[in-house]
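A quick write-up on the structure given underneath.
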Amino acid sequence: MDYKPESVEKKWQRLWEEQNLFRTEEDKTKEKYYLLEMFPYPSGRIHMGHVRNYTIGDVVARYKRMKGFNVLHPMGWDAFGLPAENAAIASGVPPKKWTYENIDYMRSQLKRMGFSYDWEREFATCDPEYYKWEQLFFIKMFEKGLVYRDRCFVNWCDRCKTVLANEQVEGGLCWRCGSQVILKEYDQWFFKITAYAQELLDDIDKLSGGWPERVLSMQRNWIGRSTGTLVKFKLEDVPGEIEVFTTRPDTLYGATFMSLAPEHPLVKTLVKGTDRETEVLDFVEDTLMEDRFTRTSDQYEKKGVFTGRYCINPVTGAKMPIYVANFVLYDYGTGAVMAVPAHDQRDFEFAKKYGLPIIVVIEPRGEHLDPLTMEQAYEDDGILVNSGPFNGLENRDAMAKITSRLEEMGMGSSTVNFRIRDWGISRQRYWGAPIPMVYCERCGVQPVRVEDLPILLPEGVEITGKGVSPLQDMEDFINTTCPKCGGPARRETDTMDTFVESSWYFIRYCSPHTNDRPFDEDKVRYWMPVDQYIGGIEHAILHLLYARFFTKVLRDLGYVEIDEPFGRLLTQGMVIKDGAKMSKSKGNVVDPADMINTYGADATRLFCLFAAPPEKDMDWSDQGIEGSYRFLGRLWRLVDELKDRLKGLEVEPGSKTGKLELEGIKKKTHQTIKKVTEDIDKRFRFNTAIASMMELVNELYKVKDTIPDKREELAVIKEAIENLVIMLSPFVPHIADELWHMLGHKGMLLEHPWPEYDAGWAEKTTITLAVQVNGKLRATLKVAKDILEEDATHMALSEQNVKRFVNNNKVVRVIYVPNRIINIITATR
RNA sequence: GCCCGGGUGGUGGAACUGGUAGACACAAGGGACUUAAAAUCCCUUGGAACUUGUUUCCGUGCGGGUUCGAUUCCCGCCCCGGGCACCA
């Protein structure tokens with residue numbers, strides 16, 4: 001009987017489903033293990049990236065279950081998002097219909113891969129029973145001051161008439177129509193992630209070890225904490241002041257002018273009614289017309305314009321002209337920068353260009369700097385000069401001293417500044433969770449009543465892709481009453497960023513159908529946190545940071561008791577083909593459906609695991625999957641040929657009667673169990689685990705035609721083959737269950753315990769000792785394990801090739817590393 | 001510029017904590033089976049040299065160093081990938 005993957009796989013998928021094999025319940029007698037892979041966007045069909053991600057997860061889930069853990073392994077759909085609207089624009093299919101049809105198809109594809117999901121926990125984030133709770137969280141956050149509305153600059157595409165997320169701006173152009181993206185002021189809802197910046201940063205240390213360092217460093221970077229000083233500069237002649245953030249308070253005496261971001265609100269007030277008003281406002285407008293991408297590139301020409309106003313340096317009393325400068329960012333620090341041209345390269349260039357004074361306040365020890373001859377700013381450490389009472393100090397010491405001086409004067413304080421900005425979650429889109437707020441003429445902005453949730457997304461909306469959110473045309477949706485005064489009010493028409501849904505779905509999986517509250521606390525307490533999370537590196541910052549933030553918010557709202565959602569994180573590499581990421585335009589896309597049809601789900605899974613370790617990019621190879629398929633055929637034939645001789649045979653425990661001809665196989669079996677267990681458990685190195693099982697198969701092929709017809713010898717083979725099949729089952733579950741039955745067993749291997757190795761058999765009794773003379777390999781010795789040094793030395797020295805290289809020279813030293821190497825050092829080299 | 005990864009045969013990749021570099025697989029070549037092909041099974045396969053061996057020399061991006069011994073540790077470079085970046 002030949003290996004026919006399709007019939008084997010469909011048979012077992014049916015049986016697993018009939019027996020509810022993958023269903024999980026809380027069981028306090030067992031240790032829990034929550035394994036989660038990032039849920040997919042239902043784009044239409046699964047791609048190789050999904051297959052790889054979910055295969056890795058499935059191996060771990062099945063392995064842990066066989067190890068006796070109570071495993072939670074859920075799956076669902078990140079179902080809101082723009083592609084559904086694009087499909088509606090292109091083909092007129094309503095987003096809801098399009099999304100749920102895609103989900104149905106993709107679910108069938110995942111089932112066809114044999115993944116062990118508890119499908120009873122499935123949900124889609126576009127289900128009202130899901131986003132209802134998100135709307136509740138929004139209201140709770142609003143009440144706690146963690147949500148606010150603010151006018152801010154957003155990416156705006158004037159052709160599409162819509163706001164774009166940062167990730168939808170590609171090289172300064174709209175990803176959809178290719179036109180220039182501009183900055184536009186817009187009212188947006190924000191989540192106050194900055195309130196958690198310090199905790200998000202601090203807790204990164206807790207994740208160290210469980211998360212890849214790379215991801216942690218990216219998050220640290222993104223949060224971007226820097227310590228410095230807030231300094232106030234009084235305006236000349238008029239009341240008011242400008243605040244700046246600086247990391248270099250030691251250079252304060254060298255601050256000779258002030259630079260404001262074009263967006264800075266003070267700009268307009270400063271120039272109002274002056275003769276410079278037109279020039280300055282024109283400059284501001286010109287700068288704002290340029291897109292963010294150009295403005296933040298370092299090739300960008302530094303330009304500025306004088307406002308005609310001055311402020312006062314708090315320590316020197318000097319008049320500092322106030323400029324508007326195009327390179328000053330409004331959303332970092334205070335949007336204003338004290339310019340120290342002698343010690344900051346940008347300020348230096350700016351000062352040279354506009355003829356502004358340069359004052360040196362730090363000099364390298366024993367050197368003198370002359371502002372007239374300097375060719376660039378001096379940004380390194382040194383000794384303070386021209387700094388009044390602080391002259392002669394090391395600049396590092398001066399930082400704190402000058403800050404204290406400012407504090408005494410009431411003109412500044414030491415502070416911490418973060419690069420991370422609050423999370424703007426408003427999207428002018430239809431296919432998302434409605435923001436549960438209303439605008440009342442009398443009461444202003446009000447959250448809807450909790451008992452009115454969910455605020456359902458209306459159906460039957462015409463989606464044209466033009467203009468703002470289609471919800472703005474839905475009178476039935478917009479017109480409502482104020483929850484406070486009962487008067488007429490209008491609903492918010494923006495929907496939430498889809499990253500909000502993915503920030504808490506992993507908690508909902510613990511009790512996906514609880515409908516009187518967001519979560520069942522007991523179940524959440526049992527399952528959370530996720531023990532192992534698996535997904536692509538592309539989410540290193542956004543999703544993983546948002547989810548961490550949201551978990552902390554839910555903790556502070558009293559819903560969960562944990563600080564961090566994901567104990568361990570594995571970021572799997574991309575699947576590439578011919579050295580490039582798979583894409584339609586390159587024509588190098590491999591459709592998993594074709595692979596399943598040709599080679600079966602098991603061979604596809606096996607190749608995904610074997611071709612590379614999980615965290616590395618994996619090169620898809622058509623010959624490679626052929627090889628995996630061949631291996632399964634080889635395994636099949638091995639079992640098929642021997643099954644009748646092995647069936648019903650009792651394996652005698654510790655059959656130590658006499659000498660076994662097949663002792664080598666028995667040793668190899670236990671060594672393989674040890675290797676595979678450690679590779680999965682300690683390192684997630686599935687490629688080497690599979691390689692070692694291939695080695696065992698190769699060993700069995702060497703002996704299979706000459707197996708003596710003795711019970712003890714057959715028992716060795718039986719033990720080898722059965723353990724092999726058991727161990728292969730997390731990787732290739734269908735063929736494993738089938739082979740298990742062919743060997744005369746009943747039941748499913750997922751319910752079979754993972755094998756234990758016998759340490760005695762797994763241990764090597766004879767080892768190969770490398771013999772070096774003066775550090776070069778000259779021979780190898782097959783010797784008993786733990787051979788004594790003197791015996792090893794004696795044997796080594798009697799080797800012909802060793803003698804040749806020792807060549808009657810005096811042996812001055814012997815380095816012996818038991819069971820590894822013996823190195824003989826001679827007098828002359 | 002700063003911060004993380006990474007660089008090993010024709011290819012994907014192995015090598016635990018410094019101890020025989022190249023496991024396993026792909027590709028290639030040879031053989032067996034077959035009328036033939038496919039499939040299958042077996043063998044060879046880092047490079048070079050010769051005295052063809054339990055042989056020697058070279059070889060893990062480059063140059064140094066530490067060590068009896070370095071793919072592994074240290075210093076200095078080069079290249080590739082990713083993140084952050086006029087961040088004050």
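Sequence lines set the chain letters: A, B, ... in the order given, protein chains first and strands last, and positions in each chain run from 1.
Contact annotation: A:R421 side-chain N/O to B:C87 OP1/OP2 distance is not under 4.0 Å. Contact annotation: A:R214 does not reach the phosphate of B:G5 (side-chain N/O to OP1 or OP2, under 4.0 Å). The phosphate of B:C41 (OP1 or OP2) has a side-chain N or O of A:Y701 nearer than 4.0 angstrom. The side chain of A:R630 contributes an N or O atom lying less than 4.0 Å from OP1 or OP2 of B:C26. Between A:N687 and B:C24 there is no side-chain polar atom (N or O) within less than 4.0 angstrom of OP1 or OP2. Contact annotation: A:R637 side-chain N/O to B:C41 OP1/OP2 distance is under 4.0 Å. At B:C4, none of the side-chain N or O atoms of A:R220 fall inside 4.0 Å of OP1 or OP2 (strictly under the cut-off). OP1 or OP2 of B:C87 sits under 4.0 Å from a side-chain N or O of A:R346.
Among the nucleotides B:C3, B:C84, B:A15, the one closest to the side chain of A:S217 is B:C3. Looking at the side chain of A:R685, the nearest of the listed nucleotides B:A14, B:C87, B:C24 is B:A14. Checking B:A23, B:C58, B:C84 against the side-chain heavy atoms of A:K776 singles out B:C58 as nearest. Candidate nucleotides B:G83, B:C68, B:A88 were compared by shortest atom distance to the side chain of A:Y332, and B:A88 ranks first. Counting only heavy atoms from C-beta on, A:P613 has its side chain closest to B:G13 among B:C24, B:G13, B:C68. Comparing B:A27, B:G13, B:A88 by their closest approach to the side chain of A:Q623 singles out B:A27. Checked against B:C24, B:A15, B:C68, the side chain of A:F610 finds its nearest nucleotide in B:C24. In this structure, of B:C87, B:A25, B:G83, it is B:A25 that holds the atom nearest to the side chain of A:N698. Here the side chain of A:R419 is nearest to one of B:C87, B:C24, B:C68, namely B:C87.
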Might you list the N or O atoms of the protein lying below 3.5 Å from N or O atoms in nucleotides 16-19 of chain B, with each pair's distance?
unit_1	atom_1	unit_2	atom_2	d
B:C16	N3	A:R820	NH2	2.8
B:C16	N4	A:R820	NH1	2.0
B:C16	N4	A:R820	NH2	2.8

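By the 4.0 Å N-to-carboxylate-O rule, A:E349 lies too far from A:R346 to be salt-bridged with it. Remark: A:D347 does not engage A:K302 in a salt bridge, criterion side-chain N to carboxylate O under 4.0 Å. A salt bridge links A:R396 with A:D381; the closest basic N to acidic carboxylate O contact falls under 4.0 Å.
At the heavy-atom level, A:S692 lies nowhere under 4.0 Å from the strands shown. Backbone-only engagement by A:G627 is indicated by non-hydrogen atom pairs under 4.0 Å involving sugar-phosphate atoms exclusively. Using a 4.0 Å heavy-atom cutoff across all strands shown, A:F805 reaches sugar-phosphate atoms only and no base atom.
Look at B:G22: its glycosidic torsion is beyond 90° from 0, and that puts it in the anti range.
Between A:F350 and A:F327, the ring center distance clears the sub-6.0 Å criterion.
Spacing between atom CD of A:E626 and atom P of B:U40 amounts to 9 Å, rounded to whole angstrom units. If you take OH of A:Y629 and C1' of B:A25, they are 18 Å apart, rounded to a whole angstrom.
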For residues 671-683 of chain A, which side-chain N or O atoms pair as donor and acceptor with protein atoms under 3.5 Å away, sequence neighbours left out?
unit_1	atom_1	unit_2	atom_2	d
A:Q671	NE2	A:A762	O	3.3
A:T672	OG1	A:K668	O	2.6
A:K675	NZ	A:D679	OD2	3.3
A:T677	OG1	A:I673	O	2.6
A:T677	OG1	A:W754	NE1	3.0
A:D679	OD1	A:R683	NH2	3.2
A:D679	OD2	A:T688	OG1	2.8
A:D679	OD2	A:A689	N	3.2
A:D681	OD2	A:Y63	OH	2.5

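Counting only distance, with no hydrogens or angles, the side chain of A:Y354 and the backbone of A:G304 share a donor-acceptor pair below 3.5 Å.
Using cut-offs of 30° and 60° for the angle between ring planes, the A:F257 and A:Y323 rings count as perpendicular.
There is a side-chain donor-acceptor pair under 3.5 Å between A:Y332 and A:S226.
Taking a pair as Watson-Crick or G-U wobble with both distances under 3.5 Å, the runs of three or more consecutive pairs in RNA chain B are B:1-7 with B:78-84, B:10-12 with B:24-26, B:28-32 with B:40-44, B:46-49 with B:55-58, B:61-65 with B:73-77.
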